[in-house]
Every structure is written in C-alpha cells, then in structure tokens.
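Throughout, a chain's letter reflects where its sequence line sits, starting with A, and its residues are numbered from 1. On a predicted model such as this, the values are computed, not experimentally measured, just so you know.
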Amino acid sequence: MEMAVDASDPDLIRSGDTGALVKRHYGPVYGLVRRLLRDEVDARDAAQETFTRAIGHLKDFDPRRSFRTWLFAIAANHVRDLLRKRRQLTLDPQTEDQIPQLGLPEKPLFEREARDRIFAALETLPYDWKIVVTLHFQQDLSSPEIAEALGISVNAVRIRLYRALAALRKELS
Amino acid sequence: MTHATPVELHDHAYGFQLSEHIASCADCRRAVDAITVERQGLKDVLREVRVEVPADLLVRLEAPRAPRRKFSAPALIAAAVLLGALTWLLFQPKMHVEPPPSPASASTHEEDLEKIIGQLKSSSPLKQELARMALKKYGGIAVPLLERAKADPVLIEECRGFNLKDQEAYRKAQSTRLTVAWKDTPLPDAIDQLRSSSGINFHVTSVDNPYEIRITLKLQNASIVEILDQLKTLTKLSWGRSQGLNPPKSMLVDPPAYEPILVFGTEAPAPRSSAPVRIRSIRGWAAEQLRLKPDTRTAVEYKGLFQRLTLAADPSVWDYLDFAREDVRKLAEDSLRTLYGPPAPDPRYPLNLKLEETVLNITGDTEKSYADEILALGRAEVPIFWDPRLEIPQESITFKVKDLALKHCLKLLIGQKSLDYYVFPEWILITKPEWLPFRISVDTPLWTTVEEVGRAETVIEDLASEVPARQERAAVDAKEAGRRGLSWLVHGNNGVDSKLHRRFLDASASLAADLGIPIANRGREGARQKLTPAQTAILDRTLQVETKSLPLDALLKGQGVKVRMAGPVNPPLLVGAPALTVSNLLRAVTQPLRLDFYLDGDTIVVDTEQNVRAAVEKK
C-alpha cells in the first residue's frame, strides 16, 4: 500500500515553492517564538522575520539538514538578538558542565490545572534553558535536533534540560 | 538490589541512555513512569494551538516588490535622494502614482467565521447543521476560533481534516495498551507487531532502508501513542495521523474502502484551509437589502438576490434564515448549501461517457506516424481536433494498447508530448495544458486557498474601484496569476454591481486572449447573424472529416462547401471527425485561433472576431 505524502521540504526548496514551505512550518515557528517572547504581536513579527531571513538565504541551506531545525535555529537566533537588544536576555548562570541535583517529580505538579503556574515558572528560566524546554516539549524535537538547532552538544542539551526540570520542580513545589 | 539513580532514570525516560535494569525493574519502571507522566503533562501544557499563516506574509514573501526591510543609513540617504527625484517628478505631466492600498488586502475571514461559529450556539438544528458544514469547508483556518469558542472537539478535529473514522482510529491508538519487548528488531517488524496486536492500520513511509533501523525497547502496558512516541525518540523519525481529506492516492487503494492509517516516518500534514473569494464591495448594499420590507421583492427577485449574495460569499445570507417569509428562508438555506456544500461537478457530456466506455485494442508492431495514431482514435466516433496553433507532429511511433478505455489511450498518446485535452459537448480539443479552454460558471462560488483569496479579493476590489491606477494594477496582478487570475476576474464579474460588468468582461476577455485561453462557453459574434433556411442547411450539414495536412478552406472545399478565408491565419489541420456538422467544424477550428465566421450568401467567410462582428452588424 502506498500513502499519499506531500512533497518533502527538499523537494519544495528545489521547486521554489516557498509558499508551501511557509504554510508547513509557520505554526511551529510561531509557537516557538510566541512562547519565548510572550507577546502575540512580537511573535508575529518574529515569525515573519524568521521566514523572510530563511527564504532570503534559501541558497545557503544545506539540504542534508532538516529544514525545520534550520528554521528553529534562525528563529532562536533572532529572538536571542531581540531579547539582548531589549536587555531581557538572561543566560544560564551555571557555566560548568555539571548535572544538577535531580529528584523525582511530584506527580500532580504538571497536571493541566497548574497550566498558568507552569507558564509563570517557565518565565523564570534563563533563555537557554527555556528554549531547550520549548523545543523539546512544545515542538517535539529530539535531543540531536535541538543540539543541531542551537549549535551545542547533545550532552549540553541534556544538562540544560535537567537544569530546567529541576528549576521548574523547585518553582512549582 | 541497587536501583537506578535519578539521573539514570531521567536518561532512560528521555531516551538519552536506555537501561536494561530499569526496563526489568518494577520499582525503577514506576519512577520512570512518574517522569514520563510529568513529561507528557508538560507536552500537553506547552502544545500550541495551530495557527494559520497570515495571508499578508505569503503575499509579501512571494512579491519581492514589497519586502519588509530595515534600512541602513546609506539606504536612508539613497532613499532621500530618490524622494527628491520623486518630488521633482510630481510636477511632471502623466507621472506614475503608486495606487492607494487595496482595502481587501488587509481583510481576514475572522469576522465571517465568528458569525458562523455563533450559529453553532443557536437552538435551530438547521443553523447548527449549516454552520458545521461551513466550518468544515473552511477547515484549518476555523480551528483557532473554534478552540477559543470551546466548540465541540469532534468538529474541531473534522476541521483539522480528521474525519470521524480518523478520529476513531486515533482514540483507539490512545486507549489500546500493549507490552512490547524489542531487541535489535527491524523497524518494519516492530510496526508489524503494533499492527497485528492493535488492529490499527499502520504504514511506514519516507524512511530510507527501514530494515536497517533496529529497535531495542521494552515497554509494559503502554498505549500505542506512547509506544510511537518512544519509537520517535529512538529513531528520530516522526509519526502522524492520516487525514480523511488526504486518502492514499495509490492505485491499490479504493478510496471508499479507505481505512485510517497511523503513518510512521512522516508527520500528518498541516490541516487544509480554504475560503471563498468574497466581493466585499457589495457588503454595504447587501446590508441595506436586509432592511427592506419582506414584501418588497417577488420570489424571483429574491432568487436573483441570493444568487448574487452566494457568489459574493456575503454573511448576510445567514440573517435570512430568520426572515418573515418561508419561501425566502428556504432560498437562504439553499444558498448556504451552495456556498458551503461540495462544489458542483464539471459538466459531463455524452462524449465524456464515450471516452470512458469505448475500449480500444491497438496491436501490431508497425510504426505509424503520430498524427495517424491521433486520427485512429478519432475514428471511434469521437471528433478529435489538434489545436491548430500547435505544430503537427511528423515523427513515427509504435503505439500498442490492450483493452484500454479511449480516455486513457488518449492520455497515454498525448502525454508523450505533455499535452492535455478538453471535452466540448461535440468535440475534443488536444492542446497545451496552459491553453486549455476556460469554462465560465455563473452560479458557483469560488473557493481557494486562504492566501490566494487575499490576492483574488485585492484584484477584484482594485478593478471595481474608480481609481485608474488601481484598475491597472488589477490587470497586471491578474495577468501575473495566469489562469487563476482569469478565474478571479470572471468570479468578480458574477458578483459586482451590474454597471461594472463591461469592465470585468473586457478585462477577462483581454486576459484570456493574452494567455491564449479560449473561453469554452462564450457565444460567438457570428452567431447573431440572421440566417436563411438555405444558409442554416449549409451549416447543419454533417461531414466526415479526416486530415493531417489540409487547411480549413481546402478541407471544406473538398467537401463541396464554399468558403473564403479572410483571416490572417489558415494553418494545416490535424482533425479526425467521423460525423460533425459544418458549424461545429468551423467553431472547433476558429475558436483557438480567435477567428469567427459568417455567411455571405452561400459562402462561409472566416475572418477575425472584430471583422465578423462588423460584418454581422452591417447585415
């Protein structure tokens, strides 16, 4: 049995169908930048800027990479620049590559009722933890994909993720 | 017994490092389950609602003339110089002025959708039914608004493109729990096990060498969705749900028997969205009509009103569902069904049936000319015309088919030359895909992608405006869009005020001529000539025609028909028609060439459309 599959990203890039590329990836990119910027208007602008940059530099895209991951990388860099200019960029205070003290989760913490509290807790995280959390939990990216998007090692992804989890649990406990 | 540390438990749960101890230890599994629950909880909380691409972004990215830029200092200086030059130009005669922005370009469908979503809350089952039909037709674009309105989740899923069967399959995948223990198992075998254990239809796609992907995973009492998520983490391959709107295109799958599929290797595509092209300029007028007293119009007049409101996708039609007159309420219901129901099928003529039902067997290894093969198809009582603008092929080919419908034979033969065909009521025209005739429909709303709607509405509003620069821009934008642009102009003509019809008709005719597209159902000027019975008999005479080289005049003269070619072209023809009237032969040949014909006594005169119009008016 065959399955109807839409054209792949490399196919769309080759055929110059940028409209289809934008349609396919706008939602995830918008979701990512909205979570990072917390403002719908800013997020719209940032998503637009991401696609404008991506389409403008399509010739630089390495087709062996994931287009989605490349878009996330552009979006992450743009948001980082934006926050830096606004002096709202907080980075990981721990520089050493050390696994944080991890306990086990208390089950009720992340239930739906705690939604607003979770969002508030997320806001307390440094940018480079928050983006790992968003890419993993919101965008379902695997650790190697996050590593590729952020230009860091898989182990760095793991450490940031665990630091973020520990911080979230502490904040929500 | 030493249990895993919290870090090892997290490494296992997040797929960084799988541990055999954890997989086999009940205590550790419980701890991992707690981490997995937390992980899933975070995913659920952070999952974003789907959003549509703003139409203006697509237009901006596609139209390099209006890019979003930030200007550097040198660019600002250059702009200042340019501004100075433009100021000077302002005082020059006949300068070009950038037309004012089009109001339609900034419009969205949110307001219309909100109105429809409001009908869901009505106590009227009819309004609810029509609203559901409408929202499903809009598809993905309606989802964020429905979510905001906390509408029925089943409807939201349907708008995402998942029909009831798809939803049922997904629920089954959420509720079916399995225990799996794979060690170095090839991915297809793992998927096969999921299929046979769950009864859910799976398919692996877009995966290179799936047998080389080995799975080692132990999970107890996990749902199919959780297992697929774990597989996704291990293999870095996505998985998705198939959508009823996009059933498999495989020849092996009969769509009615289509079973929903969970697809491993690719995500479900984003939900499809569509929207009607609206005629927004009549909204004020439409609102006024609602305020008129119920007895102001006759039933026939109301029918005309609704035809226009439907084509314009005007939301005021919903308000007529509460109108004082029952016959008007029924007309409003019919209009909404036309607007939001399935599109009207293309007309089918007896020739369509003949193409499908005539089965051909062409055998023999002898090479024949391509033109002869075309003529051979025409002998099956189907008049076939090669577009006279195309060169007649001279090469020889061997063409063999067995028990194949004429339609497929034709496709096979002309597909070699990347050509297509169009079925007229009395003949078939073989031509280039971009020259395929365009059929004007006067009673069908135009639905298309959301981004195209933005462009179409802008073109229509620009052409309807009284600003010459905007009208010019509409013509340019429609031409850029090619055949789609033609459909926008024709649609606009159906909905705008009658005093604008001539403008829209002229723009459509001019664009069709520029693109080389004949209008399939446009009347010809020569048909207005009053004919004597003898002249009618000349045109109604049935001929048997077959040629691969003769021009029109020689062909007709050979059949004893008097003809004078006054037009600028008289190309050789490739025509096979076992029985065709003179009139239809002339129409089939002259239409693509933008020629027409009339009768001067007993002589047929073929000339340009303008000359024929002038001659007929003189007579």
Side-chain angles (χ1 to χ4, degrees), chain A residues 1-6 8 18-19 21-28 30-32 34-35 44-45 47-49 51-52 55-56 99-112 114-115 118-119 122 133-134 136-140 142-145 154-155 157-158 161-162 165 168-169, chain B residues 5-7 9-11 14-16 31 34-35 37-54 56-58 60-62 67-69 201 203-206 229 232-233 235-236 238 242 246-253 261 263 265-267 269-270 273 449-451:
Chain A
M1 187 189 290
E2 287 174 21
M3 174 67 194
V5 182
D6 285 353
S8 66
T18 53
L21 283 169
V22 176
K23 273 185 275 177
R24 179 175 294 174
H25 297 289
Y26 182 83
Y30 175 81
L32 172 70
R34 186 171 178 276
R35 178 58 43 221
R44 232 181 110 102
D45 284 351
Q48 181 176 307
E49 185 62 32
F51 282 103
T52 309
I55 301 301
I99 301 276
Q101 281 292 319
L102 267 178
L104 290 176
E106 292 173 44
K107 201 177 165 188
L109 280 183
F110 292 138
E111 285 182 351
R112 278 185 170 274
R115 194 183 171 91
I118 292 171
F119 286 155
L122 262 178
V133 166
T134 313
H136 180 69
F137 293 108
Q138 183 194 63
Q139 302 295 340
D140 259 355
S142 65
S143 313
E145 286 173 322
V154 172
N155 194 45
V157 172
R158 173 171 166 259
L161 185 65
Y162 290 171
L165 281 176
L168 284 174
R169 286 175 191 156
Chain B
T5 65
V7 171
L9 292 167
H10 280 80
D11 282 346
Y14 279 90
F16 287 111
I35 298 171
V37 167
E38 176 194 69
R39 187 184 185 197
Q40 192 55 48
L42 269 174
K43 282 188 176 184
D44 289 344
V45 169
L46 285 176
R47 186 166 294 142
E48 287 283 330
V49 295
R50 296 196 180 196
V51 289
E52 284 299 312
V53 190
D56 57 332
L57 171 61
L58 285 166
R60 188 170 296 124
L61 286 173
E62 280 176 12
R68 186 174 175 269
R69 288 188 197 287
N201 198 5
H203 184 67
V204 180
T205 187
S206 302
D229 280 342
K232 181 180 170 180
T233 307
T235 61
K236 302 181 195 77
S238 309
S242 64
N246 299 309
K249 286 174 187 156
S250 167
M251 301 275 281
L252 301 173
V253 179
I261 292 172
V263 192
T266 187
E267 288 177 24
S273 286
T449 59
V450 176
E451 58 273 20

Measuring only between side-chain heavy atoms, which start at C-beta, is B/K232 closer than 4.5 Å to A/D140?
yes
Just wondering, do A/K23 and B/V450 contact through their side chains at under 4.5 Å, heavy atoms?
no
Checked B/T233, B/T5, B/V7 vs chain A; the most non-hydrogen pairs under 4.5 Å come from B/V7
All salt bridge (charged side-chain N to carboxylate O under 4.0 Å, His left out) counterparts of B/D229, not counting sequence neighbours
none
Looking at every non-hydrogen atom in both residues, tell me the closest pair between A/F137 and B/R39 and how far apart they are.
CE2-CG, 3.6 Å
Is any side-chain heavy atom of B/I35 closer than 4.5 Å to one of A/L165?
no
Which residues pass the side chain to side chain contact (heavy atoms under 4.5 Å, CB included) test with A/T134, not counting sequence neighbours?
A/L32, A/R35, A/L36, A/K130, A/Q138
Classify the ring geometry between B/Y14 and A/H136 as parallel (under 30°), tilted (30 to 60°) or perpendicular (over 60°).
tilted
